[in-house]
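In what follows, chains are A, B, ... by sequence order, proteins preceding strands, each numbered from 1. Just the heavy atoms: all of them, side chains too, but no hydrogens, waters or symmetry mates, feed the values below.
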Number of protein chains: 2
Amino acid sequence: MLNSQYHHLQRYFGDLIQQKVLEAGTKLPSEREIGEQFKLTRITVRQALQNLEAEGLIYRQNRRGWFVTPPPVIYDPANYLSFNLYVTEQGFIPHTEKLLQQIEPANEELAQLMGIETNTPVLFLHRRRYIDQRPVLIEKIYINFKFLPGIEKEELSQSLGQLLKQKYQLEYRDMDLSFKSTSLPAHAANDLGISTGHAGLHIERINYTSDKKVLEVDYEFWRHDAMSIRIALRD
Amino acid sequence: MLNSQYHHLQRYFGDLIQQKVLEAGTKLPSEREIGEQFKLTRITVRQALQNLEAEGLIYRQNRRGWFVTPPPVIYDPANYLSFNLYVTEQGFIPHTEKLLQQIEPANEELAQLMGIETNTPVLFLHRRRYIDQRPVLIEKIYINFKFLPGIEKEELSQSLGQLLKQKYQLEYRDMDLSFKSTSLPAHAANDLGISTGHAGLHIERINYTSDKKVLEVDYEFWRHDAMSIRIALRD
DNA sequence: TAGTGGTCTAGACCACGAA
DNA sequence: TCGTGGTCTAGACCACTAG
């Protein structure tokens with residue numbers, strides 16, 4: 001395996017990228033061109049490219065080609081105030097697109113999680129978030145808007161953290177976090193415009209009010225290469 | 001993509017696994033057999049299998065075949081006492097193998113992280129950990145043994161958390177955690193007996209003493225399908 | 001319309017694991 | 001020794017994107 005042909009090709013591009021000869025966003029030559037240059041079939045070339053993708057060094061845009069991955073953003077759910085804020089602070093440009101907002105009845109699983117009756121109306125929010133024009137995560141949020149009267153009339157492509165703070169004098173404090181490294185489910189991959197089966201990171205976040213009620217349940221589906229999580233635990 | 005042939009095959013096995021018709025540990029038919037049965041070439045079959053692997057539903061053992069993945073263990077680094085403990089509690093059998101233990105000089109990066117002089121001797125520990133006979137993670141630990149006199153003479157395939165508690169009356173409290181979803185580096189994939197490029201989860205944990213000195217730096221390389229992280233943040 | 005990646009065929013040889 | 005997955009060849013057609 002260490003002497004396979006795709007491995008040589010993988011190292012060749014991997015080194016160029018890590019030495020920053022190829023900068024973030026650079027487009028690689030097409031699979032056919034690479035194949036000609038290195039006298040390899042496309043399948044072998046793709047094996048190398050897919051491994052580089054798994055490493056997070058390159059990514060593809062649907063039928064547009066392969067590109068060098070920009071550095072990951074550092075995500076600290078414990079210090080969570082706002083996606084916009086921490087992305088900006090790290091020198092990137094954030095953008096949020098609201099795909100859907102509606103009031104819907106809580107299904108059984110959600111109701112149990114939220115400690116409410118099944119079919120109680122909750123506010124559902126479906127958003128796509130970008131870093132430097134690149135879609136990196138899909139968010140599905142369920143809000144118990146009993147605690148947040150009038151929130152459904154706000155502009156909900158903004159930061160919820162900031163909205164909670166400014167309008168309701170609430171801050172994220174207690175939360176349960178769950179992370180799972182797995183491929184993106186079809187709906188998320190679709191929304192992100194990438195192939196099903198793409199590596200992803202699934203985050204589930206439950207935010208509590210100060211008296212331990214569930215305020216919000218948040219499901220995030222991230223591209224695996226777009227971020228790195230950092231948490232400081234202090235007693 | 002949703003109507004591709006490998007996608008049908010992927011769903012076929014995916015459904016069987018999720019409905020538990022195929023139980024954890026079951027061996028799938030060989031790639032050639034599946035190909036014959038579904039009239040597909042091996043490349044197409046492998047595409048489906050690799051996607052199922054990315055989902056975490058199946059895994060391979062080097063040239064032995066494909067197997068149904070057991071459920072993930074839940075890992076709570078904040079409540080970290082012992083790998084052995086939480087794995088056992090969840091009904092699995094843990095096992096730890098010490099691959100290497102030696103005293104070595106800290107390199108520049110580590111020294112800076114630990115707040116010590118470069119080349120200060122530190123205790124290096126290299127371990128492989130198993131769940132139900134399956135190797136799931138590689139650990140590389142660097143210990144500032146100034147705080148833990150005599151630790152190098154202990155049996156270090158046991159739980160460090162328990163050892164610290166019993167022998168030194170220390171408990172893990174403050175720590176910095178970092179998670180990155182990425183493919184396993186070659187050394188870790190090798191030690192786990194899986195192909196380079198396999199999806200993984202990289203954890204870095206810095207444990208502090210009660211007076212904010214770095215006690216231990218821990219690098220963990222997990223199979224991506226072996227665990228799910230859960231953290232409760234309380235103010 | 002030309003070029004890209006996405007999917008697929010029908011083979012082949014090799015290295016490693018199990019018996 | 002035989003069966004397995006790992007790697008690779010030399011093509012093909014399709015769906016989508018960009019210009």
Should dA15(D) form a Watson-Crick or G-U wobble pair with both distances under 3.5 Å, which nucleotide is its partner?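 Paired with dA15(D), as far as the under-3.5 Å criterion goes, is dT4(C).
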
Are R205(B) and Y219(B) in a cation-pi setup, meaning NZ or CZ lies under 6.0 angstrom from the ring centre and within 45 degrees of the ring axis?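 No.
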
Do the side-chain N or O atoms of [X] get closer than 4.0 angstrom to the phosphate oxygens (OP1, OP2) of [N]?
X	N	result
Y6(A)	dC8(D)	no
R63(A)	dG3(C)	no
T44(B)	dT9(C)	yes
S30(B)	dG3(D)	no

Quickly work out the [X] [atom1] to [N] [atom2] distance and round it to whole Å.
X	N	atom1	atom2	result
Q47(B)	dG6(D)	CD	P	14 Å
I194(A)	dG5(C)	CD1	C1'	15 Å
E36(B)	dA10(C)	CD	P	13 Å
E31(A)	dA2(C)	CD	P	21 Å
F67(B)	dG17(C)	CZ	P	13 Å
R46(B)	dA10(C)	CZ	C1'	16 Å
N190(B)	dA15(C)	CG	P	17 Å
R32(B)	dA10(C)	CZ	P	16 Å

What does [X] touch in the nucleic acid at a heavy-atom separation under 4.0 angstrom: a base, only the sugar-phosphate, or nothing?
X	answer
R60(A)	sugar-phosphate
Q50(A)	nothing
T41(B)	base
Q61(A)	nothing

Quick one: are the ring centres of F221(B) and H187(B) less than 6.0 Å apart?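 Between F221(B) and H187(B), the centre distance is under 6.0 Å.
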
Could you tell me whether F83(A) and Y75(A) have their ring centroids closer than 6.0 angstrom?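 Between Y75(A) and F83(A), which both carry aromatic rings, the centre distance is not below 6.0 Å.
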
Check if the side chain of R64(B) and the base of dG5(D) share a donor-acceptor pair of N or O atoms closer than 3.5 Å.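 No.
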
Between dG6(D) and R42(B), counting only base atoms on the nucleotide and side-chain atoms on the residue, is there a donor-acceptor pair under 3.5 Å?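 By the distance-only test, yes, there is a pair.
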
Is a donor on one side and an acceptor on the other found under 3.5 Å between the side chain of T69(B) and the backbone of G56(B)?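 Yes.
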
In terms of relative ring orientation, are H198(B) and H224(B) parallel, tilted or perpendicular, with 30° and 60° separating the classes?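 Ring orientation, 0 to 90° scale: perpendicular.
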
